[in-house]
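Per chain, numbering begins at 1; letters A, B, ... match sequence-line order. Every heavy atom of this structure was used, including side-chain atoms; hydrogens, water molecules and symmetry mates were not.
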Amino acid sequence: MSISKTYQPKQAEDKWYSYWLQHKFFRSVPDEREPYTIVIPPPNVTGVLHMGHMLNNTIQDVLIRRARMKGKNACWVPGTDHASIATEAKVVAMLKERGISKKDLSRSEFLSYAWEWKEKYGGIILEQLKKLGASCDWDRTRFTMDDDLSDAVIDTFIHLYKKGLIYRGVRMVNWDPQGKTAVSDEEVIRKEVNQKLYYIRYAVAQGSQISDQRSEKSDFGHPPSDFLTIATTRPETIMADTAICINPDDQRYKHLHGKKAMIPLIGREIPIILDEYVEMDFGTGCLKVTPAHDLNDYELGLKHHLPVIDILNDDGTLNENAQILMGEDRFIARKKIVLLLDEEGALEKVEDYKSQIGFSERTDAVIEPKLSMQWFCKMEEMAKPALDYVLKGDIKLIPDKFINTYRHWMENVHDWTISRQLWWGQQIPAWYLPDGQFVIAKNREEAFEQAQPLSTQHSPLTIDDLTQDQDVLDTWFSSWLWPISVFDGFKDPNNDDINYYYPTNDLVTAPEILFFWVARMIMAGHEFRGELPFRNVYLTGIVRDKQGRKMSKSLGNSPDPLELIEKYGADGVRVGMLLSSPAGNDLMFDESHCEQGRNFFNKVWNAFRLVKGWRVDKNLENPNKVAIAWFKSRFSQALAEIENNFSQYRISEALMATYKLVWDDFCAWYLEMIKPAYEHPIDRETYENTIVFFENVLKILHPFMPFITEELWHDEVFGERTEVDCCIVASMPEIEQINTQLLEETEIVKQAITDIRNTRNNKQISPKEALALSVKANSGINYNQYRSIIGKLGNLSAFNIVDEKVSGAVSFMVSKDEFFIPLTGNIDPVAETERLNKEKEYLHGFLKSVEVKLGNERFMKNAKPEIIENELKKKADAETKLKIIQDNLASLAD
RNA sequence: GGGAGUUUAGCUCAGCUGGUUCAGAGCAUCUGCCUUACAAGCAGAGGGUCACUGGUUCGAACCCAGUAACUCCCA
């Protein structure tokens with residue numbers, strides 16, 4: 001069987017992915033092996049694969065494949081999230097395109113459109129993950145609105161309600177006027193925005209005696225006692241003002257105590273109240289208090305028992321309470337009211353002003369603080385044990401710098417707004433009686449039973465008198481159950497799956513959703529199973545572009561992952577994603593990383609072509625015993641390093657260690673050491689060892705580059721393979737004995753070879769021209785062992801081990817050993833002397849610093865013995881080298 | 001405004017308990033090679049006042065304090 005000159009990723013990827021599926025290698029069922037479990041952070045059904053997913057899922061797949069090869073029962077559970085706001089927005093947009101308005105649809109009509117949309121597009125992202133090579137157990141695919149998962153949501157709602165952890169109340173919430181729903185604090189993105197600060201005059205009256213200045217503009221505003229000035233960024237809300245507040249200590253406004261002010265344009269009278277909350281040096285020191293439209297004002301209003309006047313409709317337009325500009329959008333109203341105020345002479349000035357404004361994560365609309373009736377979940381009680389898991393180290397956050405952030409959040413946790421004014425999602429199981437009382441029940445029948453005794457009506461209550469709450473639950477209210485619900489832990493709390501797979505092992509996710517999701521899963525795990533949901537949380541970074549900007553669709557700076565796969569192969573992209581992404585650090589994505597990944601698999605492919613081309617001659621002796629022994633040791637050494645990196649979740653470092661082992665040690669050194677001359681056969685022993693090494697190389701590469709490794713695994717050079725003898729389920733090589741002396745000596749040999757090549761470079765001698773080399777071994781290394789390696793890689797015609805210096809030769813020193821290349825015609829004694837003098841100078845300086853250290857009484861007294869010993873050794877080594885150099889200088893002078 | 005983090009080669013990052021004259025890797029750069037596995041390559045090389053200022057120590061990239069710049073979270 002011949003092998004093509006280059007690797008064809010696309011073909012191999014399709015072939016092996018379906019082969020793996022067909023042979024159910026991703027499938028996991030409980031057995032006697034140790035489980036290793038990851039639940040996927042379910043991507044939104046509306047999602048298309050972006051670079052963040054690529055990074056996240058590559059890491060998960062590396063972990064899963066590695067665990068599988070280490071003999072664990074590896075289970076990666078995939079699925080999608082119903083993402084209520086995002087999906088509902090998508091469906092509304094789709095309907096709009098078809099000329100249908102949501103208003104004209106009943107709830108069930110709308111939902112049937114939504115499900116239709118979900119069936120059509122909801123699976124796209126999972127299909128895309130397959131292209132990446134994700135080895136999920138697809139038979140276990142779940143969706144957060146599957147019947148069982150929805151049941152779990154409703155049951156937990158009821159459970160928490162009964163426990164007193166869920167309540168209903170009027171609160172100030174973040175209102176998204178575009179999505180027309182409340183959103184949680186975590187879904188509000190704050191951005192700094194250039195705004196205007198408007199200074200507006202309010203007339204002041206004695207008690208309730210307000211003069212009719214309103215009609216006489218000329219009188220307005222001259223004597224300071226006649227008006228006060230407030231500063232606001234939101235002039236359109238003045239109609240909702242219910243007080244003016246000043247600091248009681250503010251000397252400027254003592255005269256206003258106990259008086260009243262009048263709102264311009266509408267002439268409503270409001271009290272002037274005193275509170276230390278007001279900062280005297282911000283704005284004018286007079287604060288307009290608008291309880292309905294500002295959180296702080298709302299709290300101030302509660303304290304001072306102020307009325308609440310809400311002037312906004314759900315869509316952000318002004319309502320009849322505003323008295324003026326009714327029906328206008330809040331931003332248009334702002335512009336118009338400024339003109340009106342100016343006309344009336346109530347606008348003093350306008351300044352530029354920068355401040356933070358909240359935007360909806362989902363719709364990007366400016367968030368409006370709004371009072372509304374919502375459902376809440378109490379967090380404090382559940383946060384406590386969830387915090388302890390992390391503080392005690394039962395759950396590890398990687399990197400651990402996130403522990404602080406986590407603690408800070410958990411200690412200051414506030415109640416969670418769980419209702420959303422949407423249709424797509426789990427409808428809140430609250431049922432209202434005609435008189436406004438409500439019961440919490442799983443369905444209408446149960447609700448009716450509970451409701452009957454409560455009824456205050458004269459006529460008997462009928463089941464149809466009940467109406468269910470129109471709102472649905474926050475998406476995260478289903479996501480937080482994910483690690484339990486994917487194993488049916490609610491429906492059947494003692495089933496084999498949940499008992500076997502739960503708690504899961506690792507969770508790989510973005511730090512942005514540490515609180516949204518991770519913290520709440522920990523709470524849910526404790527609340528509903530009395531156990532943590534996972535042991536390690538690997539927090540990835542954000543994928544950014546070269547300029548450090550977050551990759552996003554709107555910026556258009558994100559490459560299409562599928563195109564990248566097309567261009568560099570899935571293996572190339574996987575390696576590219578991992579090359580530079582330590583946990584918790586943002587990843588500056590650069591396509592050149594993928595190129596590096598592609599070059600890497602190309603290297604592996606070509607190395608394979610070399611080995612595959614060899615012909616074995618059984619009669620040959622093995623001349624490569626040292627090379628083989630060296631690579632064995634080196635492989636184990638690297639394996640230990642890789643192992644150690646993985647144990648600390650340093651995945652990019654594990655990849656780099658693998659990369660260097662394969663490229664440098666295996667290809668550049670080992671294969672070059674043993675490579676037979678062109679068209680010459682190889683001995684059997686070397687060949688067989690090399691085949692085993694290659695197989696081991698494929699194994700350690702597999703988690704990073706699953707496709708090419710599987711492709712090569714099945715080549716005939718490895719002998720017959722059964723149908724299920726695949727790289728994906730091969731067992732990882734184990735660490736064997738490491739011969740440290742051999743490794744150290746080989747490093748010296750490699751350095752000597754480099755120096756030979758260097759000499760060639762400097763003297764412009766072709767690599768093809770064989771050279772003679774002599775070594776005076778002062779270190780005790782037996783160079784006979786390395787004769788063939790040095791001879792081959794250095795292209796030597798002779799290699800002599802000598803006891804005396806060779807005069808008239810180019811020389812170099814590695815460790816303590818001296819090497820000589822007789823190149824009489826080529827030596828420049830002046831340059832050589834200069835070089836040696838430089839070396840001498842350096843060693844003198846070095847020696848001096850060591851001697852100073854050793855002569856320092858306090859060093860000798862305080863330093864650890866092994867450090868002193870090391871310094872003594874350094875001294876001795878330097879002295880030996882110095883002596884050699886001096887000898888060389890002397891012989892040059894002859 | 002409060003809290004956290006970062007700052008080491010042109011770029012991306014290592015540097016674990018302070019101890020090889022002030023330091024490593026990959027990529028990029030430069031020089032020479034189309035040497036029948038690989039130019040997506042081979043062989044070499046250069047490149048750093050470890051952000052700044054002080055302190056602790058026999059000894060600091062590492063510990064402490066302050067300064068600056070950037071990033072993130074919360075208000």
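- Between the C1' atoms of B:C30 and B:G10, the separation comes to 13 Å (whole Å).
- B:U53 and B:G46: their P atoms are spaced 28 Å apart (whole Å).
- Using P as the reference atom, B:C13 and B:A68 are 25 Å apart when rounded to the nearest Å.
- Taking atom CG on A:Asp590 and atom C1' on B:C13, their separation rounds to 14 Å, with Å as the unit.
- Taking atom P on both nucleotides, B:U20 is separated from B:G59 by 15 Å, rounded to a whole Å.
- Within 4.0 Å of A:Phe600, counting heavy atoms only, lies no atom of the nucleic acid at all.
- A search for ring pair (Phe, Tyr, Trp, His ring centres under 6.0 Å) contacts involving A:Tyr298 returns nothing, not counting sequence neighbours.
- Atom-to-atom, CE of A:Met860 to P of B:G59 comes out at 16 Å; the value is rounded to the nearest Å.
- Nucleic acid contact class of A:Gln764 (heavy atoms, under 4.0 Å, all strands): none.
- Residue A:Tyr659 has a polar side-chain atom (N or O) positioned under 4.0 Å from OP1 or OP2 of B:C27.
- The distance from atom CG of A:Leu579 to atom P of B:A14 is 14 Å, rounded to the nearest whole Å.
- The shortest distance between the side-chain N/O atoms of A:Asn599 and the OP1/OP2 oxygens of B:C38 is not below 4.0 Å.
- Proximity of the aromatic rings of A:Phe635 and A:Phe693 is defined here by a centroid distance below 6.0 angstrom, and this criterion is not met.
- Taking only side-chain nitrogens and oxygens, A:Arg858 comes nearer than 4.0 Å to OP1 or OP2 of B:C58.
- Separating the P atom of B:U6 from that of B:A51 is a span of 12 Å, rounded to the nearest Å.
- Contacts of A:Lys874 classified as side-chain hydrogen bond (donor to acceptor under 3.5 Å, both in side chains), with partners at least two apart in sequence or in another chain: A:Glu871.
- Heavy-atom distances to RNA chain B give each of A:Asn762 and A:Met656 a nearest nucleotide, and the one nearer the 5′ end belongs to A:Met656.
- Checking B:C58, B:C38, B:G26 against the side-chain heavy atoms of A:Arg609 singles out B:C38 as nearest.
- Comparing the C1' positions of B:A75 and B:U7 gives an interatomic distance of 27 Å, to the nearest angstrom.
- In the set B:G44, B:A40, B:A37, B:G44 carries the atom at the smallest distance from any side-chain atom of A:Asn761.
- For A:Glu672 against B:A43, no side-chain N or O and base N or O form a donor-acceptor pair under 3.5 Å.
- Note on A:Arg615 versus A:Glu679: no salt bridge recorded, every NZ/NE/NH1/NH2 to OD/OE distance being 4.0 Å or above.
- At B:A37, none of the side-chain N or O atoms of A:Lys612 fall inside 4.0 Å of OP1 or OP2 (strictly under the cut-off).
- Of the residues near RNA chain B, A:His593 and A:Lys768, the one whose nearest nucleotide (by heavy atom distance) lies more toward the 5' end is A:His593.
- One atom, CD1 of A:Ile651, and another, P of B:G26, lie 21 Å apart when rounded to the nearest Å.
- Per the geometry, CD1 belonging to A:Ile367 stands 13 Å off P belonging to B:A75, to the nearest Å.
- Checked against B:A40, B:C58, B:A37, the side chain of A:Phe859 finds its nearest nucleotide in B:C58.
- Residue contacts for A:Lys660: at a heavy-atom cut-off of 4.0 Å it reaches the sugar-phosphate backbone alone, with no base atom in range.
- A distance of about 8 Å separates the C1' atoms of B:G15 and B:A23, rounded to the whole Å.
- Base-pairing analysis of RNA chain B finds the following stems of at least three consecutive Watson-Crick or G-U pairs, with both pairing distances under 3.5 Å: B:1-7 with B:68-74, B:10-13 with B:24-27, B:29-33 with B:41-45, B:51-55 with B:63-67.
- Nearest to the side-chain atoms of A:Tyr678 among the listed nucleotides B:C38, B:U36, B:U20 stands B:U36.
- The distance between atom NZ of A:Lys874 and atom C1' of B:G59, rounded to the nearest whole Å, is 11 Å.
- Distance CG (A:Asn404) to P (B:C74): 15 Å, rounded to an integer number of Å.
- Between A:Asn602 atom CG and B:G41 atom P the separation is 7 Å, expressed in whole Å.
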Under 3.5 Å, sequence neighbours excluded: what are the donor-acceptor pairs made by side chains of residues 656-664 of chain A?
{"from": "A:Thr658", "atom 1": "OG1", "to": "A:Ala654", "atom 2": "O", "distance (Å)": "2.7"}
{"from": "A:Tyr659", "atom 1": "OH", "to": "A:Gln596", "atom 2": "NE2", "distance (Å)": "3.4"}

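- Only the P atoms considered, B:A25 is 23 Å distant from B:C63, to the nearest whole Å.
- Taking the side chain of A:Asn856 as heavy atoms from C-beta on, and the options B:C27, B:A37, B:C58, the nearest nucleotide is B:C58.
- Residue contacts shown for A:Trp663 are limited to sugar-phosphate atoms, with no base heavy atom under 4.0 Å away.
- Each of B:C38, B:G19, B:G26 was ranked by its minimum atom distance to the side chain of A:Ile867; first place goes to B:G19.
- Scanning residues 750-760 of chain A for heavy-atom distances under 4.0 Å to RNA chain B yields A:Thr754, A:Arg757, A:Asn758.
- Counting atom types as modelled, A:Lys603 pairs a side-chain N or O with a base atom of B:C38 as donor and acceptor under 3.5 Å.
- Looking only at side-chain heavy atoms (C-beta outward), A:His414 and A:Glu380 stay at 4.5 Å or farther from each other.
- Side-chain N/O atoms of A:Tyr649 and A:Asn536 include a donor and acceptor closer than 3.5 Å.
- Each of A:Phe608, A:Phe601, A:Phe707 was scored for a side-chain contact (heavy atoms from CB on, under 4.5 Å) with A:Leu712, with one residue passing: A:Phe608.
- In this structure, the ring of A:Tyr670 has its center less than 6.0 angstrom from the ring center of A:Phe666.
- Each of A:Arg598, A:Arg574, A:Glu591 was scored for a side-chain hydrogen bond (donor to acceptor under 3.5 Å, both in side chains) with A:Tyr568, with one residue passing: A:Glu591.
- With respect to the salt-bridge test (charged N to carboxylate O, under 4.0 angstrom), the residues A:Glu747 and A:Lys750 qualify.
- With sequence neighbours left out, the salt bridge (charged side-chain N to carboxylate O under 4.0 Å, His left out) criterion links A:Lys873 to A:Asp877.
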